[in-house]
A.B. asks: 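Dropping a structure here in structure tokens format, bear with me for questions.
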Amino acid sequence: AFTIQRDDGQFQCITGPAQVPMMSPNGSVPQIYVPPGYVQQIIEENGVRRVLVLPQTEFHPGGHSPLHHPPPPPPHAHLQAFIPHPHIMHPPPHLYSGMAGGTGDMNPQYISQYHPAHTTIYSEQDTHPPHGRAAFAHRDERASKTYERLQKKLKERQGVGGGGGGVLALSKDSPPPSPQKSRGTLPSGGDLQNGLGGKGAEEQAQLSTAVTTLGKSPGRGKETESGELDEEAKALQERLNSICKPVVTDIQARGASLSWVAPSRTEGDDEPKEGEEGPAEPSFTYEVSVSYSGKDGKYKSAYSGVELSATLQDLRPATDYHVRVQAMCNCLQGIPSEPVSFTTLSCEPDKPSPPRKASGTKSSLVLQWKAPCDNGSKIQNYILQWDEGKGKDAFEQCYYGPQKQYRLTKLSTASRYSFRLAAKNDMGVSEFSEGVHIMTSCSVPAPPLSPELIQSGVTWLCVRWQRPAGSPKEDEISYVLEMEEEGSGYGFQASYDGDELSHTARNLHRSTTYRFRVVAYNAEGKSNPSGVSEFTTAPDRPGCPCRLAVKGKPHPTSFRLTWEPPKDSGGSDVTKYVAELSEGLSGSSWNQVYSGSAMECVCDGLSPGCSYQARVHCFSAGGESPVQTPPVPPGPCQPPRVVGKPKSREVQLRWAPPLVDGGSAVSSYNVEMFTPQMDEGREVYQGSELDCTVGSLLPGRTYGFRLRAANKAGVSASLINFCLGLRWEAPCDHGSEITSYLIDLGERQPILTGPVTKYIIQNLQPDTTYRIRIQALNSLGAGPCSHTFKLKTKPLPPLPPRLECTASSHQTLRLKWGEGPAKAQLTDSLQYHLQMEDKSGRFISLYKGPCHTHKVQRLNESTSYTFCIQAFNEAGEGPFSTVYTFTTPRSPPAPLKAPRVERVDELCEVSWETLPPMKGDPAIYCLQSMQGNSEFKQVSTPLNESTSYTFCIQAFNEAGEGPFSTVYTFTTPRSPPAPLKGTTSQLLQPYTCPIGFL
């Protein structure tokens, strides 16, 4: 058996016969270490070298073997290339001779250059011991000596001498034993199994091979050696367990030296006889482990090797340690020795942390520090050094004493000082700490100057400020930028706090004024705020002008265009409008027709009977508004398709959006259903989805569906396919079946059909007459053509008329379109479809019929409404017009209640109810009164006493005057007499005195 070490450090025992693939970096056969009694044989087959490890027979240097042996076995074709991997093979550091008559180290070249003719190879069945496993492949020197002693004992019992030419005399050319490098740990000293790396198993395999070679009973050889080998392993295990505790010498503060004695032999070991060489000492490995948490604490490995001494480093000063040693040999591991304790010496303190600033003023500093580890000796004093504010690396001592704080005085204001600290005990002075820079305080900063504007944007302002005048450069000054939004009522709020001299305030409102001020502060406190600066964000560009429309009736060469200001002005007033026209509906070329501040213009110099497109954009301080052409209704939709199999009473439809949306997103779809019994279509769906389910159908009926899309500009036109339907009777085929028909359309390409008698010709021109004839064909040829007949396609559906508002009130709009009487005639074939946009953006039907006027009622005052119109006749439905917007006017104020008149002292107070403003238009009141039976007049003062007055109140606004309220009658009271001016007296009589009043 061979024992190999894998990449993961584990050991694996391979029992023979086995195939072990190995690798060689240079292509040569690598060194192979075989156990005593075995040799290697190199066989090359098909360019692949194979190495066979086989048992060795008797070897005579001067001639051939005296015994007759069978010829060597043929090459093993089933063995793979035997290439040792560098991680598997671990060559021993020393090669011992270990052979009779051999001295010195063996040249390793003999191993790979051994010639197979110098040995006799046993057959394969003779090379295996009775227990079915090959001899162990690795052994150390002590095992080799034991093997030799066992061989001598066997020779003595069998009467065979130990001469050099005996069976067990090994040749010098035989490879030496390979020391065992494994350090595996077995569960116990006696728990060893055969072939698993134990020493007893190794010797047992070797002894079995030797017995087989001598031709003796294999069973007897096994019984002879088993007990002795178990005793050898137990003796070695006991020897490993008997190691003494180490001796600690040269104890220092951060290290110590250890030494120990190798395990000694036990009393049960066999002593060598006189004249015999004693067994070689086994190779021991030692592991030293240390614990600093007590005798029974956790131990960590500190050394592993073959030396009998070690030096422990990186220990802690003045610390108790426990150390123990453990011996190992091959795969056996002894019990750790008794731990020995020692205490490291004390030393100077550890390097302290830098001092820190506890407090300070303009001319003083108070420094504090923490005590470092004293390493077993109490710290007596601290040494504090400084650079005296010179900014150089030269330090001078400023304090020496046991305190852990110190106050320095008479320092300069806003100056930087460097300090470092060391600690001292009985063992010495520690290293100085890292230098630390500490500044004295400054005075409170002066108020900075007012902030300045660097740049402004729509939603941001970038401002900067200056450092306060007179502040030293060493003074660490920070700033707080405060901002107040005009009209917010929240006051100044902090927008920035830091040491930068500029800041960009973001997420602001456009075209809004903000107020800024700066406060500087340092360790001493805050300065007074700076002066206030006001900055305004830039305005944004305005939106597009809205409600672009034609005012009045267009003339042959001109029309008046009007618009309203954009809903979003961008924060600044619009300064200029620009109107442009494009002839035709392509919109490829635009010409400016107006530029100014007015919101209407006259477009003249036009060509009669031509279509024009108009657009308007505006300018303000924020820039130019986006140019947007008015949208048009979507393009025609493709017919809807049926999804799945139609059911008896419902069908599911699905469709795709139109290819052209008209410049505005499609807001809704309209599906109409037609049957042969219905003259007009019936709406079955209106919504924004792309599918619907139509129910309540009759089984076995034919239904048709039409789809239209709508956006804010109107409803799309139906897809019109002009076609002609033909039907004919089949002519006589004259004995050969008719195979096809040829339809001749004159100038168009003839159409070839199958053997049918009806056909629909599609994709024809509207309102066009076609000359048609039909010809039948069979296998014999073409028959004569039919008579020529004429058919005409339907004309195009009518174009939409122009829609205008002829009268309006605050709740109604009267609309008119086209030319004709208000009431329709029975003979009119042209009809109209009027639609209005609702709050959700969909167009709903208002009127469908031949009339040219319609009154829309139940509207809201001062509200804009959007309309579109469509004309249709027997040719089909024409396209919808562009949208028209009309606005209802404001209504005059509602009637008020009668006013109330109250007397206050000697005055009369008249009060009435107020009306809320209507869309920004406040109400104005007119109070009138009537004296007696006269007419109502505006109230004037003063009023006459004891007179009856009648009051009423009226409200009016820009829309007009409201009705008068009900009247209120009030009679003024009589006034009291005037005060007397004085009294007069006449001549007094004895009993009377006349008195007079003035």
Side-chain angles (χ1 to χ4, degrees), residues 183 185 187-189 237-264 284-329 332-355 368-383 400-405 420-434:
R183 294 182 181 179
T185 303
S188 64
Q237 182 69 45
E238 292 177 358
R239 185 176 179 182
L240 295 176
N241 295 340
S242 64
I243 189 170
C244 298
K245 62 183 178 181
V247 178
V248 184
T249 60
D250 191 17
I251 301 176
Q252 302 294 330
R254 301 183 186 276
S257 297
L258 303 176
S259 62
W260 57 89
V261 180
S264 60
F284 294 106
T285 304
Y286 306 95
E287 181 177 7
V288 178
S289 53
V290 181
S291 170
Y292 58 86
S293 57
K295 179 180 179 180
D296 299 328
K298 183 178 181 181
Y299 285 83
K300 293 185 178 179
S301 178
Y303 168 78
S304 179
V306 298
E307 302 295 334
L308 294 175
S309 62
T311 300
L312 303 179
Q313 298 178 353
D314 299 329
L315 302 181
R316 299 177 183 176
T319 305
D320 295 334
Y321 287 93
H322 289 76
V323 61
R324 65 186 185 186
V325 65
Q326 185 180 19
M328 295 173 289
C329 180
L332 297 180
Q333 183 174 349
I335 300 175
S337 67
E338 286 293 327
V340 60
S341 63
F342 67 94
T343 303
T344 54
L345 302 179
S346 302
C347 68
E348 70 278 358
D350 286 346
K351 179 180 178 181
S353 300
Q368 289 182 351
W369 54 85
K370 294 182 179 181
C373 181
D374 58 6
N375 289 332
S377 178
K378 183 179 179 181
I379 297 176
Q380 298 175 350
N381 294 289
Y382 295 95
I383 303 172
Y400 180 85
Q403 302 298 325
K404 287 186 286 187
Q405 70 175 16
R420 66 180 185 179
L421 180 69
K424 181 181 179 182
N425 60 8
D426 292 337
M427 309 306 298
V429 181
S430 70
E431 296 182 14
F432 276 95
S433 67
E434 300 293 336

A.B. asks: Does any part of the side chain of C329, heavy atoms only, come nearer than 4.5 Å to the side chain of T285, both counted from C-beta?
C.D. replies: no
A.B. asks: Counting C-beta onward and ignoring hydrogens, is there a side-chain heavy-atom pair between I379 and P372 closer than 4.5 Å?
C.D. replies: yes
A.B. asks: So, K351 and E434, do they make that salt bridge, N to O below 4.0 Å?
C.D. replies: yes
A.B. asks: Around atom CD1 of I335, are there more than 12 heavy atoms of other residues, nucleotides or ligands at under 6.0 Å?
C.D. replies: no
A.B. asks: Mind listing the closest non-hydrogen atom pair of E307 and W260 along with its distance?
C.D. replies: O-CZ2, 3.0 Å
A.B. asks: Does the side chain of T311 reach to within under 4.5 Å of the side chain of Q313, using non-hydrogen atoms?
C.D. replies: yes
A.B. asks: What do you reckon, is OH of Y292 surrounded by more than 12 foreign heavy atoms closer than 6.0 Å?
C.D. replies: no
A.B. asks: Filter on side-chain hydrogen bond (donor to acceptor under 3.5 Å, both in side chains), then keep only pairs touching residues 370-379, sequence neighbours left out; what's left?
C.D. replies: D350-N375
A.B. asks: Determine, step by step, whether E287 and S301 satisfy the side chain to side chain donor-acceptor pair (under 3.5 Å) criterion, reporting the C-alpha distance in whole Å, the side-chain angles of both residues, the deciding distance to 0.1 Å, and the verdict.
C.D. replies: CA-CA 7 Å; E287 181 177 7; S301 178; 3.1 Å; yes
A.B. asks: Could you list the donor-acceptor pairs under 3.5 angstrom formed between side-chain atoms of residues 315-327 and any protein atom two or more places apart in sequence or on another chain?
C.D. replies:
residue : atom : partner : partner atom : Å
T319    : OG1  : R316    : O            : 3.3
T319    : OG1  : P317    : O            : 2.9
D320    : OD1  : T343    : OG1          : 2.4
Y321    : OH   : R316    : N            : 2.7
R324    : NE   : S289    : OG           : 3.3
Q326    : OE1  : Q333    : NE2          : 3.3
Q326    : NE2  : G334    : O            : 2.7

A.B. asks: Report the C-alpha distance between L312 and V290 in whole Å, list the side-chain angles of each, state the deciding distance to 0.1 Å, and finish with yes or no for side-chain contact (heavy atoms from CB on, under 4.5 Å).
C.D. replies: CA-CA 9 Å; L312 303 179; V290 181; 3.8 Å; yes
A.B. asks: Contact between L258 and V288 at the side-chain level, heavy atoms closer than 4.5 Å - yes or no?
C.D. replies: yes
A.B. asks: Do S291 and P339 have side-chain heavy atoms sitting under 4.5 Å apart?
C.D. replies: no
A.B. asks: Please lay out, stage by stage, how L421 and S433 fare under the test side-chain contact (heavy atoms from CB on, under 4.5 Å).
C.D. replies: CA-CA 5 Å; L421 180 69; S433 67; 3.9 Å; yes
A.B. asks: Side-chain contact test, heavy atoms from C-beta onward, threshold under 4.5 Å: evaluate it for K404 versus Y382 and give yes or no.
C.D. replies: yes
A.B. asks: Looking only at heavy atoms, what is the nearest atom pair of A253 and C347, with distance?
C.D. replies: CB-CB, 3.7 Å
A.B. asks: Does CD belonging to E338 count more than 12 external heavy atoms closer than 6.0 Å?
C.D. replies: no
A.B. asks: Answer whether the closest heavy-atom distance between the side chains of I383 and F432 falls below 4.5 Å.
C.D. replies: yes
A.B. asks: Dump the intermediate steps for side-chain contact (heavy atoms from CB on, under 4.5 Å) on R239 and F284, then the final yes or no.
C.D. replies: CA-CA 11 Å; R239 185 176 179 182; F284 294 106; 3.9 Å; yes
A.B. asks: Hey, are the side chains of V306 and Y286 touching, using non-hydrogen atoms and a 4.5 Å cut-off?
C.D. replies: no
A.B. asks: Where is the tightest heavy-atom contact between N425 and E348, given as atom of each residue plus distance?
C.D. replies: OD1-CA, 3.6 Å
